[in-house]
There are 2 protein chains.
Amino acid sequence: MLNQSRHSRQREAILALLRSTKLHPTADWLFSELKKEFPNIGLATIYRNLKFFEEQGLVIKIDVGDGFDHYDADTSDHYHFFCDSCRKVIDLDMPPLQFGEVLPDGFSSEHHQLVFFGKCKNCKLELCS
Amino acid sequence: MLNQSRHSRQREAILALLRSTKLHPTADWLFSELKKEFPNIGLATIYRNLKFFEEQGLVIKIDVGDGFDHYDADTSDHYHFFCDSCRKVIDLDMPPLQFGEVLPDGFSSEHHQLVFFGKCKNCKLELCS
DNA sequence: ACATAAATGATAATGATTATCATTTATATC
DNA sequence: GATATAAATGATAATCATTATCATTTATGT
């Protein structure tokens, strides 16, 4: 049969790792972590699978403008805070906004991205790691 | 005197061009346009001045995740629509949102970026250029 | 077990942005 | 106006996250 995706231990591990963290990892972070379990894993495998997961709707890509693509296995509607100080991407616990009625005439959008910038809780208290 | 910025015709032209358009140009678009007036202008001059303007608060950088930095001389609070079809960045005429009361405890933000994704008016009508 | 094509790992290529550096130019001072 | 100084430029190389290529390995249906 054609056009079928196959199982691989690497693919499973990448998704499992993404699902286990709220750190919104970059490809490089995943690569470093997964080398512990798969010493021979290639960085291309990380990128390939991230693209695969995104196409499957299993993860979302978050762009906060720091030069890295961040990935999140939480695909529910939610917003992010990017700390200008420690450069972490942090989930915000706030209800998703409804923009249907407020968008100008002729525009409709299935998806929006809202990112807040500032100093996170910890950095304000000088507790940043 | 030290640490002084000087006038240059190129710098003036870049800012004037940014102020004359609502296209949210990329560095490369500005470069192409400005070569008409300055055939010898270098791409580095564009990037250098964009950074300069951003630091001076004269322009804002818009990141819509298309792989290019877009620039906007309209520094007032406003939101953007990114067309997945024609890949244009379009100003949205809608009032800025107030998030002070809705952000979770401990977070405060001076700045947020809200981008809507979808098909723009023209692309919905198959009028896209 | 075998055949087939998907997935991997290694590595090269891509491309937007940044850094470097010699030259040009703006501007303050004489 | 001439001059000194450092900012700005233009040309080009470097950077670096991401993507493409390709030979090899591996999953899975038969």
Side-chain angles (χ1 to χ4, degrees), chain A residues 1-18 23-56 58-72 82 87 89, chain B residues 1-18 23-56 58-72 82 87 89:
Chain A
M1 203 177 281
L2 300 175
N3 244 12
Q4 194 92 12
S5 69
R6 293 181 186 173
H7 175 267
S8 84
R9 295 189 305 124
Q10 291 90 332
R11 173 169 293 171
E12 187 178 43
I14 295 167
L15 188 56
L17 182 52
L18 273 167
L23 294 177
H24 312 89
T26 61
D28 206 61
W29 184 90
L30 292 164
F31 182 54
S32 301
E33 290 296 310
L34 287 162
K35 270 198 288 199
K36 298 169 186 170
E37 190 180 350
F38 301 89
N40 295 323
I41 199 169
L43 186 53
T45 298
I46 310 293
Y47 279 106
R48 259 192 307 257
N49 279 291
L50 288 172
K51 187 179 216 174
F52 175 82
F53 296 144
E54 203 188 356
E55 284 165 0
Q56 301 288 312
L58 295 172
V59 307
I60 55 173
K61 188 195 284 185
I62 307 163
D63 193 333
V64 294
D66 65 346
F68 301 90
D69 290 341
H70 294 260
Y71 290 87
D72 193 345
F82 180 70
R87 310 185 76 74
V89 178
Chain B
M1 203 178 281
L2 299 175
N3 244 13
Q4 194 93 11
S5 69
R6 292 180 187 174
H7 175 267
S8 85
R9 296 188 306 125
Q10 291 90 334
R11 173 169 295 170
E12 187 178 42
I14 296 168
L15 188 56
L17 182 52
L18 273 167
L23 294 177
H24 312 89
T26 62
D28 207 61
W29 185 90
L30 293 163
F31 182 55
S32 300
E33 290 295 311
L34 287 161
K35 271 198 286 200
K36 299 169 186 169
E37 189 180 349
F38 301 89
N40 295 324
I41 199 169
L43 186 53
T45 297
I46 310 293
Y47 279 106
R48 258 191 307 256
N49 279 291
L50 288 172
K51 186 180 218 173
F52 175 82
F53 296 144
E54 203 188 357
E55 284 165 359
Q56 301 287 312
L58 296 172
V59 307
I60 56 174
K61 188 195 284 184
I62 306 163
D63 192 334
V64 295
D66 65 347
F68 302 90
D69 290 341
H70 295 259
Y71 290 88
D72 193 345
F82 179 71
R87 309 186 77 75
V89 178

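Below, chains carry the letters A, B, ... as their sequence lines are ordered, and counting in each starts from 1.
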> Who pairs with B:Asp66 by side chain to side chain donor-acceptor pair (under 3.5 Å), at least two apart in sequence or on another chain?
Replying inline: B:His70
>> Applying side chain to side chain donor-acceptor pair (under 3.5 Å), can you list everything that pairs with A:Asp63, at least two apart in sequence or on another chain?
In response: none
>> For residues 29-46 of chain A, which residue pairs pass the salt bridge (charged side-chain N to carboxylate O under 4.0 Å, His left out) check, not counting sequence neighbours?
In response: A:Glu33-A:Lys36
Could you tell me the separation between the [atom1] atom of [X] and the [atom2] atom of [N], rounded to a whole number of Å?
{"X": "B:Leu50", "N": "C:dT17", "atom1": "CG", "atom2": "P", "value": "9 Å"}
{"X": "B:Phe52", "N": "D:dA7", "atom1": "CZ", "atom2": "C1'", "value": "10 Å"}
{"X": "B:Leu34", "N": "D:dT9", "atom1": "CG", "atom2": "P", "value": "11 Å"}
{"X": "B:Phe31", "N": "C:dT17", "atom1": "CZ", "atom2": "C1'", "value": "14 Å"}
{"X": "A:Arg9", "N": "D:dT25", "atom1": "CZ", "atom2": "C1'", "value": "12 Å"}
{"X": "B:Asp66", "N": "C:dA16", "atom1": "CG", "atom2": "P", "value": "10 Å"}
{"X": "A:His7", "N": "C:dA6", "atom1": "NE2", "atom2": "C1'", "value": "13 Å"}
{"X": "A:Arg6", "N": "C:dA3", "atom1": "CZ", "atom2": "C1'", "value": "10 Å"}

Please list, chain by chain and in numerical order, all residues satisfying side chain to side chain contact (heavy atoms under 4.5 Å, CB included) with [X], sequence neighbours excluded.
{"X": "B:Gln56", "value": "B:Phe52, B:Leu58"}
{"X": "B:Arg48", "value": "B:Ala44, B:Thr45"}
{"X": "B:Leu23", "value": "B:Thr21, B:Trp29"}

>> Return a single string for nucleotides 10-23 of chain D, one symbol per nucleotide in 5' to 3' order, where B is base contact, S is sugar-phosphate-only contact and - is none, cutoff 4.0 angstrom on heavy atoms.
In response: BBB----SBBBB--
>> Taking 4.0 Å as the cut-off, does a side-chain nitrogen or oxygen of B:Ser5 come that near to OP1 or OP2 on D:dA7?
In response: no
> Is B:Ser8 near enough to C:dA26 that one of its side-chain N or O atoms lies under 4.0 angstrom from OP1 or OP2?
Replying inline: no
> Are the side chains of B:Leu30 and B:Leu50 in touch, meaning some heavy atoms are under 4.5 Å apart?
Replying inline: yes
> Could you give the angle between the helix axes at the two ends of the helix from C:dA1-D:dT30 to C:dC30-D:dG1, with five pairs per end, rounded to 10 degrees?
Replying inline: 30°
>> For B:Ile14 and B:Phe53: C-alpha separation, side-chain torsions, deciding distance, then whether side chain to side chain contact (heavy atoms under 4.5 Å, CB included) applies.
In response: CA-CA 10 Å; B:Ile14 296 168; B:Phe53 296 144; 3.7 Å; yes
>> Tell me every residue that passes salt bridge (Lys or Arg N to Asp or Glu O under 4.0 Å) with A:Lys61, counting only those two or more places apart in sequence or in another chain.
In response: A:Asp69
> Can you tell which of D:dT5, C:dT8, D:dT9 lies closest to the side chain of A:Arg11?
Replying inline: C:dT8
